[in-house]
Structures are given as structure tokens and as C-alpha cells.
Amino acid sequence: MAAPHSTMKFWKPGAEAPGISEERDLSSETTGSPFVFNPNTALSIEKQRQKLPVFKHRNNILYLVESFQTVIIVGETGCGKTTQIPQYLLEAGWAAEGKVVGVTQPRRVAAISVANRVAEERGALLGHEVGYTIRFDDCSDPHATRIKFLTDGMLVREMMADPLLKKYSVLMLDEAHERTLYTDIAIGLLKKIQKKRRDLRVIVASATLDAKKFHEFFNLNETGDPNKDTCGILTVEGRTFPVDIFYTVSPVPDYVKATVETVMKIHEMEDDGDVLAFLTGQEEVEKVVSLLQEQARALSRYGMKKHLRILPMYSGLPYADQMKVFERAPSTVRKIVVATNIAETSITINGIMFVIDCAFVKLRAYNPRTAIESLVVTPISKASASQRTGRAGRNRPGKCFRLYTEEDYEKLPAATVPEMQRSNLAPVILQLKALGIDNVLRFSFLSPPPAQTMVQALELLYALGGLDHYGRLTDPLGMRMAEFPLSPMFAKMLLESGNFGCSKEIVTIASMMQIQNIFVVPPNQKKDAAREHRKFAVAEGDHLTMLNVYEAFIKHQKSSQWCQEHFLNYKGLLRAVTVREQLRRLMNKFKVPRNSSEGDPDVILKCIVSGFFANAARIHHSGSYRTLRDDLELHIHPSSVLYGEKPPKWVVFNEVVQTSKYYMRDVTAVESSWLVELAPHFYKQAKHGSLASKRSRVL
DNA sequence: TCTGGAGTC
């Protein structure tokens with residue numbers, strides 16, 4: 001028996017997926033077509049532009065932008081808003097007299113690909129009339145660029161140099177419904193700028209659900225007379241295909257197993273078409289991939305006519321493996337992509353006809369009491385479920401199998417909580433202060449974060465010396481900290497490193513800590529990888545270990561071959577080199593002396609403490625650790641070089657991840673006396689020699 | 001003591 005016995009039972013409610021349009025005109029699909037310039041193609045591009053749903057609304061959009069300070073555009077998937085609206089504005093003269101039309105994106109990859117597309121459509125070379133600006137990559141010309149795509153984080157940076165954003169006539173915030181941290185910061189700041197610059201136009205592109213909230217936020221009309229509104233709304237229909245939704249008849253006890261069963265059932269019962277399954281993390285993805293591979297081998301032994309190609313997809317996967325999901329499979333092969341949330345919005349895979357949705361996602365969560373940011377598996381929102389479903393209808397009609405009952409779907413929250421309300425706010429407040437927002441508690445947040453998170457962040461910034469007693473940014477320390485594209489703790493550590501005499505080493509350590517997964521562990525070579533990684537490990541902990549890895553990488557001429565032999569992430573290390581250069585430039589700007597500890601580890605460790613003293617823990621007789629601040633139980637993360645070694649008495653760490661327990665990541669052994677010496681305002685030495693936090697405990 | 005989600009300045 002080739003096909004497995006399946007116990008999964010689905011049913012399909014009568015109604016169709018909400019918000020999915022009936023339109024199905026494949027001839028004018030514009031995504032991903034390679035462009036070769038000749039007059040005929042130019043003509044056909046013009047025709048294609050006119051076929052996009054947004055084209056019908058061109059004059060209306062221009063009228064609204066003319067009449068209102070802010071326009072909310074509800075643009076459904078595939079309507080063409082991102083590529084077309086900036087061009088309409090350009091054609092209507094909004095980029096005359098040296099002004100720029102700016103379009104922000106939450107993600108780098110989106111900013112680049114959309115800029116490419118628009119440059120193609122205009123027959124222009126990227127970086128001239130149409131350009132983009134993201135960290136480490138400025139492909140724009142200050143004199144020639146009229147349409148500029150940029151990440152929303154980059155826009156916030158630009159405000160530091162130009163608080164009124166004078167060069168922009170229009171700013172379009174794309175994908176605003178995603179409510180990323182920087183989109184929300186940009187939104188609050190733009191509202192403030194609009195009060196001073198009546199000529200600045202803001203376009204907010206959002207999904208249906210949030211349009212009203214954005215409208216209320218941006219509408220400055222307080223008269224109650226709708227004729228005096230300063231904000232307008234327009235809806236543009238999308239172009240996607242209907243997707244049939246199926247729910248399980250009863251709740252699923254194990255969605256990993258259920259995913260495997262559902263894939264096999266689709267393969268057995270359904271027509272051709274690729275499958276996309278959503279899971280929460282790397283471990284689950286790899287498990288499903290290996291279970292499916294077993295089944296696929298069994299199938300091919302029994303000579304099933306169609307083969308399965310099973311591909312994992314998550315951000316930690318090496319780049320070359322990620323690219324495999326975009327390769328088109330031959331007609332004899334069914335492609336199964338097993339992905340994390342990366343496939344929900346960030347990437348589009350052609351040919352997907354079936355989606356399997358487990359109803360969960362891993363999200364950032366923040367606890368202001370313990371100051372711990374963690375990753376937690378959370379039920380998705382209805383908006384997220386609809387987004388996942390839509391992935392099956394990008395090219396043709398599809399089917400979505402939800403591994404939950406319709407009743408459970410109804411219980412899901414409508415939207416995901418904005419990141420602003422579940423993040424550590426220390427970096428946000430530092431930047432707002434640097435942008436001249438003195439009273440951050442009264443800042444116009446689209447969704448205000450919890451007050452306790454604010455207070456906790458202000459306390460930390462004060463302890464780091466970035467804010468003074470009155471909550472004002474200190475000069476120069478606080479102002480310089482704000483200029484670093486890093487968390488305030490890292491910024492403090494870097495700015496202090498010259499005084500400790502180890503700026504060369506600290507800038508390397510800070511750069512390495514920005515890269516995830518420097519150590520590569522292939523599932524089938526765990527032992528070999530561990531053996532190679534141990535060669536870099538030092539007893540002091542992860543920071544000095546990473547310093548060793550970086551220096552060895554440079555010593556071996558940044559060789560990719562060498563990285564492969566030692567199970568190191570080559571692309572990640574190259575990125576560390578780039579990050580290091582950027583940080584070095586900033587340190588030069590602030591005249592941080594270039595010096596080296598010349599092999600003395602203690603000065604490096606002390607410098608780390610000067611930034612990370614708030615993240616200190618001591619060993620507990622149970623063998624685990626307790627934070628000094630809140631007496632919270634912590635464990636060393638299994639990825640740390642200190643894991644399984646003799647535990648040091650005192651440690652500092654960069655971050656905590658919460659899975660089955662609270663785990664410290666990037667851990668380094670320190671002396672307790674350093675904590676008192678370097679953070680006397682934070683810790684005091686008790687009579688019997690133990691350390692205590694000065695801060696009164698909030699219970 | 002047994003494991004990191006997606007992004008970004």
C-alpha cells in the first residue's frame with residue numbers, strides 16, 4: 001500500500017474566502033516577467049500597466065492626493081498600487097522642482113524588487129529616476145532620483161538629518177497594516193511633521209481591516225463637518241483567484257503529524273498543483289520535511305507516477321537552499337514547500353495551489369516586569385489566516401486546508417497585536433528623543449504601548465547614561481547612542497570601548513552578535529559540526545568565541561571553502577564584515593580611539609559589562625541561574641559554548657529566549673566586582689558580599 | 001540544563 005492511511009477529515013463551509021475577487025485574467029499578470037528593452041515591449045508594458053485594477057482609479061487617486069493631506073488606500077493583493085501610484089504622482093508633477101516621491105516598505109527585499117520593477121517599467125536605469133535606499137545599500141541619486149523606495153527604518157533615520165523631510169512632496173507608507181515597529185514610528189512622526197508642513201502628502205496603503213483606524217488617526221478635522229476632513233479613503237479591488245477553504249471536523253491534537261497526513265492526502269486525491277504548508281519554526285519544518293521524505297521514498301518504491309519534491313523554507317536556511325523553492329518543478333513532480341511565516345508575506349512562490357495552515361505562529365513577546373523579550377508560539381489572527389489562504393490563489397484557483405475547526409477559527413483575534421505593543425521600547429524611545437520628541441509619554445502612537453514598558457525603557461536608558469535625571473538625552477553619550485543602528489546596550493558598549501582599550505575587539509564582537517546562526521549545524525552532521533565548532537570555543541563564553549571565529553575568518557582570507565570545512569555561515573560572516581565597517585565608521589565619527597586589548601580578555605569582558613550590566617545573572621545551587629534584577633530563573637541556551645560546561649558563577653547575556661524555559665543566549669562569564677564597579681547606580685554591594693539590585697522590585 | 005520567527009536602522 002503506497003499511500004498512507006489518513007485519519008484527517010475536512011469539511012468545506014458554503015461560503016467562499018472573504019475578500020477574494022473573481023477576476024481571473026492571466027494575460028496581464030505582471031509579476032516576475034523578465035524585461036528586455038525594445039519598443040514593442042515598452043508598448044506592451046504600457047498596456048500591462050493600464051490593465052492593472054488600480055489604473056481605473058488613477059484620476060481619483062490624484063484628485064484625493066490634491067485635496068487631502070492624507071489618503072488611505074485600501075489596496076487588495078495584486079491591484080498594482082505599489083508600482084503604479086508612485087508613477088501616477090510622478091506623471092502628475094509631484095516630483096517637480098527637485099522634490100521626491102518616497103515609498104516605504106517594511107522589508108529590504110521588497111524595497112529592492114519594487115524599485116527594480118518600476119525602473120523597468122519606465123525604461124530607466126535603476127538608481128537614476130527610480131532608486132532605493134536601504135541600510136548598506138544606497139542605490140539612489142540625490143539629484144536625479146524622483147521616485148525613491150526605502151525601508152521604513154531608513155525613513156526614520158533620514159528624519160534625524162532632515163526632521164521635516166523637506167525633499168519629499170509625497171510619502172507613501174506601503175504595507176502599513178503589517179504594523180511593524182518602524183512603520184508605527186514613522187506614522188507617528190509623519191503626523192507630527194504634517195502639522196508643520198501642510199504641503200506634505202501622506203498615502204497610507206493598508207488592508208481593509210485597519211483603514212478606519214488610520215483614517216481616525218490622520219484626520220485632523222475636529223469640527224465634525226466631513227467636508228473639512230483632512231484624510232480620505234479609497235478602495236482598490238485586487239486580482240487574485242478564489243480559494244476553497246476546508247476546516248477539520250474535530251480539533252487536531254498534533255499539527256505536525258496532521259500536516260504530513262494532509263500533504264499525503266492532497267497528493268493522493270487532488271489534481272496537479274504545488275503545496276505550501278505553514279509551521280512555526282525551523283525544528284517543526286525539518287521534522288515535517290524528514291517525515292515526508294520517508295513517505296516519498298516509500299511511494300517511489302511502489303512506482304507512483306508522480307514524484308514529490310519536498311523543500312524546507314525558513315530564514316535561517318542557507319541562501320542557496322532558500323532559492324530552491326522558487327525553481328519550477330517539472331510536470332511529473334509535485335513541489336511541497338514546508339515553511340515558517342516567511343512565506344506568509346515576505347515571499348511569493350509561483351504555482352502554489354494548496355495551502356495547509358496549522359493556525360500558529362512564533363511571535364515576539366515582551367514582559368515589562370522582567371524586561372524579557374521572548375519568542376512565543378501564538379495562535380494566528382484571522383487576518384493572518386486569510387493571508388495564508390490567499391497564497392493558494394496567486395496564479396489560479398486553489399484550496400486551503402485549515403488544521404482547525406471553523407469554531408476555533410471564529411475564536412481567533414481579528415488582527416495581530418502591533419509590534420509596538422510587544423517590544424522592548426528602549427531603542428524606540430532613544431530614537432524618538434533624538435528626533436526631538438521630549439515627552440515620549442505624550443507621543444501620538446497609533447497604538448500606545450503599555451505604560452510600564454515605557455517606564456522600564458526609560459529606567460534602562462537612564463542607567464546606561466543615555467538620559468539624564470530629567471529624562472533628557474545626554475550630550476554627547478545619549479545623542480551618540482541614538483545614532484547607532486543597534487540596541488542601546490550595544491551602542492553604550494561600543495562608545496565605551498576606547499576607554500577600556502579594546503575598541504578593535506569590541507566592534508568585532510558587536511558585529512558578530514548581529515548575525516544569527518554563525519555556527520551551521522546540518523541535521524545529519526551534528527557531531528562533526530560540534531567538533532569543528534569546539535575549536536573556536538573559549539571558557540569565557542560566547543562573545544570571545546565569536547571574536548575567535550571572526551579573526552580566524554579574516555586570517556583565512558574570508559574563504560568560503562574554509563567556512564564549509566568548519567561548519568560556519570559564510571554569508572553571515574561576510575555580513576559581519578559589512579556591519580563591522582559601518583560601526584567602525586560611526587566610531588571614527590565620534591572619535592572613539594582605535595585600540596586593542598592585545599590578548600587581555602578581562603578588559604573586553606569589562607567593556608561588555610559596561611553595556612550589558614542590566615542582563616546579569618548568578619548561579620543558583622539548583623544549577624540554573626537567577627537574574628540579579630528580578631531573581632528570575634534562567635538557563636544557558638544549548639547553542640552557547642558554556643552549555644554543558646562547568647557553569648561560571650556570574651554571567652552577563654545579550655538576550656533571553658523563552659521556549660520550554662527561559663534561556664540566555666550569547667553568554668559570557670564575568671566577575672561580580674565588575675558589576676558594582678561599572679554600574680554603581682544599578683547594583684550595590686550588600687554587607688555579606690552578595691549583590692543586589694538597587695532598583696525597587698515591582699511585583 | 002537539551003534549541004533561534006520574521007524583519008530592520
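Quick caveat, the model's predicted, so the values are computed rather than measured. Convention: sequence-line order gives letters A, B, ...; per-chain numbering from 1.
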### Task
Enter syn or anti for the glycosidic conformation of B:dG4, syn applying to angles within 90° of 0.
syn

### Query
Does any residue of residues 107-116 of chain A have a heavy atom under 4.0 Å from DNA chain B, and if so, which ones, in number order?
A:Arg107, A:Arg108, A:Val109

### Message
Heavy atoms only, 4.0 Å cut-off, all strands: where does A:Ser639 land among base, sugar-phosphate and nothing?
### Response
base

### Task
May I ask you to check whether A:Tyr132 and A:Asn116 show a side-chain donor-acceptor distance below 3.5 Å?
no

### Task
For A:Thr180, answer base if it contacts any base atom (sugar-phosphate contacts may also be present), sugar-phosphate if it contacts only those atoms, and nothing otherwise; contact means non-hydrogen atoms under 4.0 Å.
nothing

### Message
Can you list everything that forms a side-chain contact (heavy atoms from CB on, under 4.5 Å) with A:Pro418? Sequence neighbours excluded, please.
### Response
A:Arg179, A:Asp184, A:Gln421, A:Ser447

### Query
Sequence neighbours excluded, which residues qualify as side-chain contact (heavy atoms from CB on, under 4.5 Å) partners of A:Leu164?
A:Lys166, A:Ile193, A:Lys196, A:Arg197

### Query
Can you pull the side chain to side chain donor-acceptor pair (under 3.5 Å) pairs that have at least one residue in residues 375-385 of chain A, sequence neighbours excluded?
A:Glu344-A:Ser384, A:Ser381-A:Thr416

### Query
Hey, where on DNA chain B does chain A first and last touch, going 5' to 3'? Cut-off is any atom under 4.0 Å from a heavy atom.
B:dT1 to B:dC9

### Summary
The answer to which of A:Arg665 and A:Ser624 contacts DNA chain B further toward the 5' end, by nearest nucleotide, is A:Ser624

### Task
Just call it for A:Gln516: base, sugar-phosphate, or nothing, with non-hydrogen atoms closer than 4.0 Å on any strand.
nothing

### Query
Just wondering, do A:Leu544 and A:Asn548 contact through their side chains at under 4.5 Å, heavy atoms?
no

### Message
What's A:Thr345 touching, base or sugar-phosphate or nothing? Going by heavy atoms closer than 4.0 Å.
### Response
nothing

### Task
Using a 4.0 Å heavy-atom cut-off across all strands, classify A:Phe484 as base, sugar-phosphate, or nothing.
nothing

### Query
With a 4.0 Å cut-off on heavy atoms, is A:Gly623 in touch with a base, just the backbone sugar-phosphate, or nothing at all?
nothing

### Message
For a 4.5 angstrom cut-off between non-hydrogen side-chain atoms, does A:Lys362 reach A:Thr340?
### Response
no

### Message
Base, sugar-phosphate or nothing for A:Glu178? Non-hydrogen atoms, less than 4.0 Å.
### Response
nothing

### Task
Report which part of the nucleic acid A:Ile134 touches: base, sugar-phosphate, or nothing (heavy-atom distance under 4.0 Å, all strands).
sugar-phosphate

### Query
When you check the side-chain N and O atoms of A:Arg402 and A:Thr389, is any donor under 3.5 Å from an acceptor?
yes

### Task
Pick base, sugar-phosphate or nothing for A:Glu645, based on heavy-atom distances below 4.0 Å to the nucleic acid.
base

### Message
Here's a test of your reading of the structure: between A:Pro485 and A:Thr340, which maps to the more 5' nucleotide of DNA chain B?
### Response
A:Thr340

### Query
Do A:Val428 and A:Ser423 have side chains that get closer than 4.5 Å, going by heavy atoms?
no

### Message
Using the side-chain contact (heavy atoms from CB on, under 4.5 Å) criterion, which residues pair with A:Glu581? Sequence neighbours excluded.
### Response
A:Val577, A:Arg585

### Query
Is A:Asn517 touching bases, backbone alone, or none of the nucleic acid, heavy atoms closer than 4.0 Å?
base

### Task
Check every strand shown and say whether A:Glu344 touches a base, only sugar-phosphate, or nothing at a heavy-atom separation below 4.0 Å.
nothing

